[in-house]
2 protein chains.
Amino acid sequence: MPNIRLVGTMTPAVEDYLKTIFLLSTRGEAVTTSALARELHVSSPSVSAMMKRLSDGRLVERETGVHLTAQGEREALRVVRRHRLLETFLARVLGMPWDEVHVEAELLEHALSERLEARIDAALGHPTRDPHGDPIPPAAGAHDESWGRSLAGTPAGSRFRVERVSDRDSDALRYLGEKGVRPGVVLEVGEQEPYGGSCRVLLGGEPLALGQVLTHLVFGTVVEGDA
Amino acid sequence: MPNIRLVGTMTPAVEDYLKTIFLLSTRGEAVTTSALARELHVSSPSVSAMMKRLSDGRLVERETGVHLTAQGEREALRVVRRHRLLETFLARVLGMPWDEVHVEAELLEHALSERLEARIDAALGHPTRDPHGDPIPPAAGAHDESWGRSLAGTPAGSRFRVERVSDRDSDALRYLGEKGVRPGVVLEVGEQEPYGGSCRVLLGGEPLALGQVLTHLVFGTVVEGDA
DNA sequence: GCCGGATGTTAGGCACGTCTAATTCATCCG
DNA sequence: CGGATGAATTAGACGTGCCTAACATCCGGC
Ligand SMILES: [Mn+2]
Ligand SMILES: [Mn+2]
Ligand SMILES: [Mn+2]
Ligand SMILES: [Mn+2]
């Protein structure tokens with residue numbers, strides 16, 4: 001039989017493109033050819049070609065920029081779910097540090113069967129957050145990917161509860177982990193030193209200086225309550 | 001820079017071919033084009049093409065049939081090690097039944113980093129056998145892949161200790177598991193019923209009839225000792 | 001001794017996923 | 001207005017890994 005054309009064929013590359021489109025848009029960034037090329041470390045023509053394929057397969061639509069169809073988003077969420085379940089598993093079960101799990105999950109997410117995914121999910125007690133505080137999309141049902149506010153620009157005097165830490169910069173992640181900046185922690189936000197200086201915070205009473213790069217990686221909410 | 005030619009590039013396909021060549025030869029079977037095609041579910045020309053590539057890359061040599069070079073065997077053993085470590089992990093840590101782990105490991109073995117492999121190995125306490133009794137090649141050093149003798153043809157009256165059960169037939173494996181035929185178990189071998197009939201055995205005193213297909217999947221040694 | 005079947009190779013083709021080079025197009029700036 | 005700049009696409013190529021069709025070989029049986 002001569003090559004039945006399955007439009008929805010998921011390959012590792014297709015999964016990575018869909019996931020990246022999803023993550024870019026939930027970060028509020030424009031999903032352009034060049035943004036995808038930068039993010040995926042491929043050339044622009046590679047992205048153009050893939051967008052053609054995804055568009056033919058009804059996984060994305062192209063008007064100004066690119067956006068996922070309902071089906072494309074479903075597939076993207078499945079990949080994101082596998083990725084974050086794997087990160088959680090690697091950290092909790094194998095004790096892998098939170099700055100290493102992302103790279104591993106990038107590979108494994110394409111090799112995880114539904115059966116194994118379900119087993120991992122059950123073994124972890126159906127977790128809702130990965131080690132970085134990223135929400136794990138449920139197997140079925142709605143998903144909320146909101147990022148809260150960035151620590152950068154949060155006014156001095158606020159009490160700030162960390163909810164998510166971006167897992168994209170492994171070195172920064174390790175540093176933050178060493179300093180105790182993790183989801184769930186509450187920071188007392190102090191002075192933002194001018195001209196690109198550090199942001200002074202208190203963590204459990206201890207002073208800590210967080211550079212610009214770091215404050216842009218930390219997300220959460222301002223909480224009221226007793227100092 | 002125009003395509004540096006890395007001869008030893010491992011891809012999932014290359015890994016599968018090397019692994020299959022290794023397993024065929026350790027099973028004492030001839031490593032021919034058609035045997036590989038059958039084993040890997042690909043056409044003969046696909047095998048021919050791949051043998052050309054592996055041969056160019058000094059991973060195999062071709063005289064009568066095909067055999068691995070020292071480097072090819074090293075790579076094959078790395079894949080087999082990852083496969084069996086993964087099977088062990090899936091069974092022990094995630095409680096996956098022994099007839100399901102092989103299929104999962106087939107995929108995951110290509111996505112396992114050295115770092116994660118080491119973590120899994122340590123978490124399991126450096127196991128030497130997978131759930132089917134297959135020996136796990138060490139990260140470095142010699143490996144013994146001998147199969148012992150098959151239960152088929154073992155004379156009645158023998159006491160037979162099961163050491164390995166082939167993991168290639170998932171249904172048979174589940175059946176044997178249900179009946180308690182696992183590595184470590186000792187069987188009292190009874191009559192082989194003629195003309196392709198069952199082999200009668202006692203397992204823990206309980207009678208059990210094992211068809212031809214099954215006795216050819218069970219390997220071990222004849223042990224002396226008290227009945 | 002020849003024929004048929006099994007085995008293996010060559011030839012040609014295709015989907016995937018990437019690349020570089022060239023082109024198109026809009027925009028911004030002097 | 002016109003040229004530079006940047007973003008995107010088109011054109012052409014390539015390696016991987018698979019396929020089918022055709023051809024070459026060898027080997028056993030009649
Ligand atoms: Mn991640
Ligand atoms: Mn994460
Ligand atoms: Mn196996
Ligand atoms: Mn096994």
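Not measured: the values here are computed from a predicted model. Scope of the values below: all heavy atoms of this structure, side chains included, with no hydrogens, waters or symmetry mates. Just so it is clear: chains get the letters A, B, ... in the order the sequence lines come, proteins before strands, and each one is counted from 1.
In this entry the distance linking CE of B/Met50 with P of D/dT16 reads 9 Å, nearest Å. Note: CZ (A/Arg53) to C1' (C/dG17) measures 7 Å, nearest angstrom. Between the P atom of C/dA6 and the CZ atom of B/Arg38 lies a distance of 13 Å, rounded to the nearest Å. Taking atom CG on A/Asp16 and atom C1' on C/dG17, their separation rounds to 12 Å, with Å as the unit. Summarising the geometry, the separation between NE2 on A/His41 and P on C/dC19 is reported as 11 Å, rounded to the nearest angstrom. A straight line from CG of B/Leu40 to P of D/dC19 spans 10 Å, rounded to a whole angstrom. In this structure, the CE atom of B/Met10 is 14 Å from the C1' atom of D/dT16, given to the nearest Å. Remark: P of D/dG17 and CG of B/Asp56 are 14 Å apart, rounded to the nearest angstrom.
Electrostatic pairing of B/Glu117 and B/Arg81 counts as a salt bridge here, judged by a charged N lying under 4.0 Å from a carboxylate O. The pair B/Arg84-B/Glu87 does not count as a salt bridge, with every side-chain nitrogen at least 4.0 angstrom from each carboxylate oxygen. Ion pairing between B/Arg174 and B/Asp171 holds under the 4.0 Å rule for side-chain N and carboxylate O. Contact check on B/Glu39 versus B/Arg27 returns a salt bridge, with a Lys/Arg side-chain nitrogen under 4.0 Å from an Asp/Glu carboxylate oxygen.
In the displayed structure, B/Glu191 atom CD is contacted under 6.0 Å by at most 12 heavy atoms of other residues, nucleotides or ligands.
Of all heavy-atom pairs between A/Glu163 and A/Pro183, the closest is O-CB, 3.5 Å.
Under 4.0 angstrom from either OP1 or OP2 of C/dT18 there lies at least one side-chain N or O belonging to A/Tyr17. At least one side-chain nitrogen or oxygen of B/Ser46 sits closer than 4.0 Å to the OP1 or OP2 atom of D/dC19.
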Table of protein N/O atoms under 3.5 Å from nucleotides 6-11 of chain D N/O atoms:
residue: D/dA8; atom: OP2; partner: A/Ser34; partner atom: N; Å: 2.9
residue: D/dA8; atom: OP2; partner: A/Ser34; partner atom: OG; Å: 2.7
residue: D/dT9; atom: OP1; partner: A/Arg62; partner atom: NH2; Å: 3.0
residue: D/dT9; atom: OP2; partner: A/Thr33; partner atom: OG1; Å: 3.2
residue: D/dT9; atom: OP2; partner: A/Ser48; partner atom: OG; Å: 2.5

